[in-house]
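All remarks here apply to the structure that follows.
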Amino acid sequence: MSHDAIVLLKEDHKTVRKLFRQFHASGSDKGDVVSRIIEELTVHTYIENEVMYPRVRELVPDLEQDILQSFEEHHVADVLCSELSAMDPGDERFVAKATVLIENVDHHIDEEEGEWFPKVREALGRKELQEIGEQLLQTKEKAPRKPSEPGALRKAVDAVIG
Ligand SMILES: [Fe+2]
Ligand SMILES: [Fe+2]
């Protein structure tokens, strides 16, 4: 299996988008699929915040603004995920909020895959991307799986300020 950072992150995106399709295809009972979306996003956002974004920021200074914007987009997704995870699926706002989350993340993934991941691949060598990939996998093991777990929300803010 490839440990290339971009390949690994794109695999996560595929998983998330499959869940988005399940959300749209499922009927009135969307609670379970939303829980799985929240879990996938919590882990994925964490490893990007902890590893991918800081490393790219350091190694490819030209992408500084893309990284800063991506941190902000993660922050919006974090807020929506933590509100959703505290909400009853029967709440009249539940599906609306989940739909806004999905629209935001869809757009965010498009920007990563279409705009700045290709620039990262151009700027970094295969070996560097493998090393970052190894770090992503290690960090995944200790990543929070729910927005309520320590580190899930705070890290995005720390990464920007610190
Ligand atoms: Fe991201
Ligand atoms: Fe991503």
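In this text, all values refer to a predicted model and were calculated from it rather than measured experimentally. When a ligand or atom number is given, it counts from 1 through the structure's own listing order.
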(message) At a threshold of 2.8 Å, where the distance has to be below it, does the Fe ion (ligand 1) have an N, O or S atom of M52 nearby?
(response)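 No N, O or S atom of M52 is closer than 2.8 Å to the Fe ion (ligand 1), so no.
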
(message) Hydrophobic clustering (ILVMFWY, side-chain heavy atoms < 4.5 Å, transitive) - are L9 and V105 grouped together?
(response) no

(message) Do Y53 and L59 sit in one hydrophobic cluster, given that two such residues count as connected whenever their side-chain heavy atoms are within less than 4.5 Å of each other, even indirectly?
(response)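 Yes, same cluster.
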
(message) Side chains of V43 and P144, heavy atoms from C-beta outward: is any pair under 4.5 Å?
(response)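 Not in contact.
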
(message) Need one value: angle at the Fe ion (ligand 2), H13 atom NE2 versus E48 atom OE2, rounded to 10 degrees.
(response)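 An angle of 120° at the metal.
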
(message) Working to 10°, measure the angle at the Fe ion (ligand 1) formed by atom NE2 of H74 and atom NE2 of H108.
(response) 90°

(request) For atom CZ of R36, decide whether the heavy atoms of other residues, nucleotides or ligands shown that lie under 6.0 angstrom number more than 12. (result) no

(message) E112 vs H13, test: side chain to side chain donor-acceptor pair (under 3.5 Å). Steps then yes/no.
(response) CA-CA 10 Å; E112 287 186 336; H13 292 171; 3.0 Å; yes

(message) Below 2.8 Å, can you find an N, O or S atom of D12 next to the Fe ion (ligand 2)?
(response) no

(request) Answer yes or no as to whether an N/O/S atom of H44 is found below 2.8 Å from the Fe ion (ligand 2). (result) yes

(message) Quick check: of its N, O or S atoms, which one does E112 have closest to the Fe ion (ligand 1)?
(response)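 Nearest N/O/S atom of E112: OE2.
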
